[in-house]
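All values below come from the heavy atoms of this structure, side chains included, with hydrogens, waters and symmetry mates left out. Residue numbering restarts at 1 for every chain, and letters A, B, ... go by the order of the sequence lines.
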There are 2 protein chains.
Amino acid sequence: MDMNILPSHSGSNAVRSRSSNRQAVLGRIQSAGQMGRAEIARSLGLSTQAVSNIIAELEEDGLLLEAGTRSGGRGLPAVQYSVNAEGGYALGVEIRPDAIFAALVDLHGNTIATRRRAIKNNKPDKLVAKVIKLRDEMVQKTGINAERLMGAGIVIPGPFGQTGLSGLGSDLAGWQSIDARTLFEDALGLPVELSNDANAAAMSERIAHGLSNFAYLYFGAGLGLGLVNQGQLVAGAFGNAGEIGHVQIMTAGGPAPLEQQLSRVSIQTFMRAQQPLDIDAISALFTQKDPRFWNWLEAAASALSQATGLIENLFDPQTIILGGAMPDAVLSHLIAQTHLPDLSVSNRTDNPIARLQCGTCGRMTATLGAASLILNRAFTPQAASL
Amino acid sequence: MDMNILPSHSGSNAVRSRSSNRQAVLGRIQSAGQMGRAEIARSLGLSTQAVSNIIAELEEDGLLLEAGTRSGGRGLPAVQYSVNAEGGYALGVEIRPDAIFAALVDLHGNTIATRRRAIKNNKPDKLVAKVIKLRDEMVQKTGINAERLMGAGIVIPGPFGQTGLSGLGSDLAGWQSIDARTLFEDALGLPVELSNDANAAAMSERIAHGLSNFAYLYFGAGLGLGLVNQGQLVAGAFGNAGEIGHVQIMTAGGPAPLEQQLSRVSIQTFMRAQQPLDIDAISALFTQKDPRFWNWLEAAASALSQATGLIENLFDPQTIILGGAMPDAVLSHLIAQTHLPDLSVSNRTDNPIARLQCGTCGRMTATLGAASLILNRAFTPQAASL
DNA sequence: TTGATAATTCAATACACTTGAGTTAATGAT
DNA sequence: ATCATTAACTCAAGTGTATTGAATTATCAA
């Protein structure tokens, strides 16, 4: 039996070097806002001439814009370059059991169009057709050049494959055994990145804040965890890493899955509501200081405290970001109420960043995150592995 | 304030490509045992000619040996190459509060010399001097060419830096604020990889079995977790990922740190022993079927079950490997007694690999793991980041 | 025996980065 | 004001490595 599951590392040659260097140059400029040739060259360990050639190419391709000059002391002032927002676009698609969300973002990460469609039919071919239609609508409406679409990030509910969590209602029936990536790639004619909601949301924080090692607690229907290590998503061997909602924690009523205390559906239980609460309903409960909601907050803070200890001791991240389909105010309040565990590697004296913080919130968090998967690819040299 | 903590990606050029391709070629051959030029070229996406040139260079450098030919059907039989065990050596050093362990391994991972020294003085300069002496002794005794030493892997007790776990006795006093890597690099005149015991042990399993996504539960004094994602260690932002021993779990007596049920020191508690039990003492208890030890086994199996759920749901690894300073028989028994949680992403119908399995055991596990950090570097193109 | 197949090598070519000299435009000292 | 210093940038030549295509060799199968 062949136990060899090592990734087959790709070899490198001149053309791949150029491609990787192009991405590196773009990535440096994106994260710094604007930079000059010499500065980029130093930070990448390349010659100024090499960077000069690459910049000329990127400018030619419309991905970079000249952004004035900056003189820092003596010497010829450096010509600054910045990423051209209109140089490229990414499509983000989030598929939920009952609806599709889609967004078009530019190279700066600005949302330039969004769409929402209810769906009745989960079948792959129907969904694919709908996604194509949404893309075409948005491209048409914004009037962007379709050739500038760099790819599509697609979020589908996990877990992927037949797992012990399948059939709990969170996954998308009929999609477990399908190679969805190739399906969408062929249908859209674009490179596709597939991911779950939490990972996608995490990636959008990475693009926005430039963090390289962090964890993202995503409030969807349940609770997901996105892990970023050295700027790369930790997806796990089968793409199902981050199913933190099913981890057992201690509660007043005995051991229970984390998700039962810390998630949107758990609010529903605490409120004894008949149906799921959406983000506005939760906002209302918070401003009204509803007592049952306050009970939930208390339970959730205890759960979050335990989850924090868990994540910090296992990953030692720079920070844990909370986000997703929850009101910003609720998450901020929750963070303020949560006791940070002492017995943690993150309980350091010299930590410059808050251990818990609030990230992007709102209904489109995962959808925009999906688009970030593509942006990230444009700014990061691809790891040379299969 | 500069929040930009993105890694500065290094640019690529012809020379770096060659270096990376050399490592890739070596790595392919190492993991496959032996291979021919054309096969390597296909697996790396390089031309046969390029691989041919690289192989000539590697053979010249003594890193590869011709290993006969193999004809697979028609066509000219492929000349096979295999890694020359004597082509390079790695030094592994494990520093414990009371002793230093050292080992010399060859490119095949064979141990060719080991040493153990008690230490009274923890001071950096004393330790460094001792490490140099151990290296020189082993080099002399084995008669290897000192220039073939590729580097030193060094395991020092974590956590690194001032954390909430500092001062619990597991860390090495006086080493928190030191740049140990540069210290050893300068003293030894060799490239140095620094790591904790669990990560090092995990790396040695990776080299041996070619797994790319797995978790390693390491039984040292406490309990550590080594995480390998896409062939790379997940070290965390500050190098302290994997402190799973301090995670709270449910026990018969209420919530307690995992380490309190599942570790060598926990055996001591269950046995009501005055001093730590070593690996032989534990072996004896197991063969004698000591009732107190059986109580520990029961508690440990429950703890391991919970830890398994945790690790699987957070990482979705190919497998979890148990190893370290515990008798093989005890770990095997423990694995057999442990109930695998149903509510887990790893509870899949089509899993080809056991969810829990036994890895390398024995006193030198972490020391040999330290050496594996260097071997891994020789076989893996280095991620192009700072 | 002969044709098909596949590994390997040789020689020429292509690509991208580096190097070193030269140009330009700031700053700061005289 | 003038001039030396500094640093970014460009040009042209040079270097390293990979690719390409033709030729060679050895095995298998008809």
Kindly write out the residues that satisfy side chain to side chain donor-acceptor pair (under 3.5 Å) with [X], not counting sequence neighbours, or none if the list is empty.
{"X": "B/Ser71", "result": "none"}
{"X": "B/Asp186", "result": "none"}
{"X": "B/Thr111", "result": "none"}
{"X": "B/Tyr89", "result": "none"}

- request: Please list, by residue number, the residues of residues 60-84 of chain A whose heavy atoms come closer than 4.0 Å to an atom of DNA chain C; answer none if no residue qualifies.
  value: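 Heavy-atom contacts with DNA chain C come from A/Ser71, A/Gly73, A/Arg74, A/Gly75, A/Leu76, A/Pro77.
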message: Give the residues of residues 48-56 of chain B touching DNA chain C, defined as any heavy atom closer than 4.0 Å, sorted by residue number.
response: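 Close to the strand are B/Gln49, B/Ser52.
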For [X], which residues count as a salt bridge (charged side-chain N to carboxylate O under 4.0 Å, His left out) partner, sequence neighbours excluded?
{"X": "A/Arg181", "value": "A/Glu185"}
{"X": "A/Glu39", "value": "A/Arg70"}
{"X": "B/Glu86", "value": "none"}

Specify the separation, in whole Å, of atom [atom1] of [X] and atom [atom2] of [N].
{"X": "B/Leu46", "N": "C/dA14", "atom1": "CG", "atom2": "P", "value": "20 Å"}
{"X": "B/Arg18", "N": "C/dA16", "atom1": "CZ", "atom2": "P", "value": "18 Å"}
{"X": "B/Glu39", "N": "C/dA6", "atom1": "CD", "atom2": "C1'", "value": "13 Å"}

query: From B/Gln30 CD over to B/Leu64 CG, what is the distance, rounded to the nearest 0.5 angstrom?
result: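 B/Gln30 CD to B/Leu64 CG: 11.5 Å, rounded to 0.5 Å.
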task: Quick one: list whatever passes ring pair (Phe, Tyr, Trp, His ring centres under 6.0 Å) with B/Phe315, sequence neighbours left out.
output: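 Partners of B/Phe315 by the ring pair (Phe, Tyr, Trp, His ring centres under 6.0 Å) criterion, ordered by chain and then number, come out as A/Phe315.
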- request: Extract, from 5' to 3' on DNA chain D, the first and final nucleotides lying under 4.0 angstrom from some heavy atom of chain B.
  value: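 Extent of the interface on DNA chain D: D/dG16 to D/dA29.
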message: Test: side-chain hydrogen bond (donor to acceptor under 3.5 Å, both in side chains). Region: residues 47-65 of chain B. Which pairs qualify, not counting sequence neighbours?
response: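 Of all non-adjacent pairs touching residues 47-65 of chain B, those that pass side-chain hydrogen bond (donor to acceptor under 3.5 Å, both in side chains) are B/Arg18-B/Glu57, B/Arg22-B/Glu57, B/Arg22-B/Asp61, B/Arg37-B/Ser52, B/Gln49-B/Asn53.
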message: Counting the atoms with a prime plus P, OP1 and OP2 as sugar-phosphate, which does A/Arg22 contact under 4.0 Å by heavy atoms, base, sugar-phosphate, or nothing?
response: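 If one applies the 4.0 Å heavy-atom cut-off, A/Arg22 turns out to touch nothing in the nucleic acid.
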